[in-house]
Amino acid sequence: MHSFSYKDGSLHCENVNLADIAREVGTPAFVYSKRDIAGSLAAFRQALSPLDAHVAYAVKACSSKAVLQLLARQGAGFDIVSGGELWRVINAGGDPALCTYAGVGKTEPEIRYALEQGIYCFNCESEEELRAIDRVAGKMGKVAPVAVRVNPHVDAHTHKYITTGTNENKFGVDIDRIEKLYAAIHATMPNLQPRGIQMHIGSQLTEVQPYLMAIEKVAPIAMSLKERYGIEFWSIGGGVGIVYDGCLESASANWWRQHPEQMTIEGFAAAVIPLLQPLGLRIIVEPGRRLVGNAAVMLTTCLYEKQGEAKLFKIVDAGMNDIIRPALYEGFHEIWPVKEHHGDTVTADVVGPVCESADFQAQDRQIPDVKPGEILAEMSAGAYGFSMASTYNSRPLAAEVMVDGDRWQIIRRRQSLQEMVQGECGLEER
Ligand code: LLP
């Protein structure tokens, strides 16, 4: 469920008319629902409450300050993948002691920074990385808490670019080598303390089966590590999928009743709890997309209509620099006019102004026959939307807005041209 629906012929976020936001802030603009983000966090906590469970929000999904603040104020932990993300969490009032640090390429300054800040655990992806952390911790006179990310060789049945748990991916350590690696940590890396084990098999999982297979494979190893080295947690990663196709209708509880095959937070929890509870470990989940994905739309204005030889194009003012998911992962986002249409639909490509053929938001899509000047909402844009935006084609970053009931506030001003070039130094005179 989410809080975007038509009321009195206009698309609203909670009780705010998106047309009002577009008029005042302009487009492109990302609009988040505070209720939806906080609600999803609460739903994870509630559903996993039979376990000693902690939610570590995967910051990469949306790292905007207000979103991190909102989650930090609810006491969430954070799963980070860079020193920059750790800095953002701290800057937003998050607690480093609730941070897990993932990623295959941690640099020495990043490791030092994370140790200084006292993060909960480094989730490590190779022996070389463990040795680097051991070295840095030794120099600092600290003991670094570590977990190894296990690659369980389970296919998550998701897009190939967001599958992470098979033997062709760069992530994690092969499941067969895990116990040896912990033995090596114990025997040869005195500045490391094994605190847990981690896995993450992929993103946008729409079925729970791959999780269960991975959990069943890794559980005996987790138990053995608990006995041998006293590890206290198992992070089972993120990946719980959201609704992209059917998004607007999924604002109603009825839709969910009619789609029992759809993975819900409650369904996910009910399936994994029986496997995890007997282990007696703290369970960390790292949802990114499921906390923020359906909780935002991106507003864009239709600029032109162009009838090509073979296709009808609706040209909008948001490009692949604003939201890259369609170009990069063939990502599907529903597109709805803010002012409700009851009339004709057409088959069209919705394309942006960026000079790339991959700059499309939708291809050969049956959409309401929107006209230039109309505002459109690209749905389910909260995760990997703004956080993956760039200024390609020298297009300043979009604005962001947070809605709370019938109020809203700008949480990021639209970037100015001057801000866009900040840091550029120019060529010396000669
Ligand atoms: N934990 C780890 C270690 C991860 O690598 C990821 C995502 C997550 C948690 C969060 O996964 P989520 O719950 O959001 O599925 N940009 C792509 C998704 C990349 C996901 C990368 N890792 C997209 O737009 O689909």
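Start at 1 and go down the list; that is how both ligands and their atoms are numbered. Numbers here simply count residues along the sequence, with the first being 1.
- Under 4.0 Å from ligand 1, heavy atoms of R289 appear from its side chain as well as its backbone.
- Note on R112 versus E116: no salt bridge recorded, every NZ/NE/NH1/NH2 to OD/OE distance being 4.0 Å or above.
- Residue contacts with ligand 1: A61 is placed with no nitrogen or oxygen under 3.5 Å of a nitrogen or oxygen of the ligand (distance criterion only).
- Ligand 1 has no nitrogen or oxygen under 3.5 angstrom from a nitrogen or oxygen of R149.
- For R290, no nitrogen or oxygen atom sits less than 3.5 Å from a nitrogen or oxygen atom of ligand 1, counting backbone and side chain alike.
- Of the N or O atoms in Y329, one or more lie within a sub-3.5 Å distance of an N or O in ligand 1.
- Nearest to atom 4 (C) of ligand 1 by heavy-atom distance, out of E286, Q204, K60, is K60.
- Considering backbone and side-chain N/O atoms, G288 comes within less than 3.5 Å of an N/O atom of ligand 1.
- For A358, the side chain to side chain contact (heavy atoms under 4.5 Å, CB included) partners two or more places apart in sequence, or in a different chain, are M320, A327.
- Only the side chain of D79 comes within 4.0 Å of ligand 1, judged by heavy-atom distances.
- Partners of D95 under the side chain to side chain contact (heavy atoms under 4.5 Å, CB included) rule, at least two apart in sequence or in another chain, are A97, L98.
- In this model, a donor atom of one side chain and an acceptor atom of the other lie less than 3.5 Å apart for S235 and E286.
- Just one of R414, R412, R413 meets the salt bridge (charged side-chain N to carboxylate O under 4.0 Å, His left out) condition when paired with E419; it is R413.
- Under a 4.0 Å criterion applied to the non-hydrogen atoms of R325, ligand 1 contributes the atoms 23 (C), 24 (O), 25 (O).
- For K106 and Y101, the positive end sits near the middle of the six-membered ring, less than 6.0 Å away and at most 45° from its axis.
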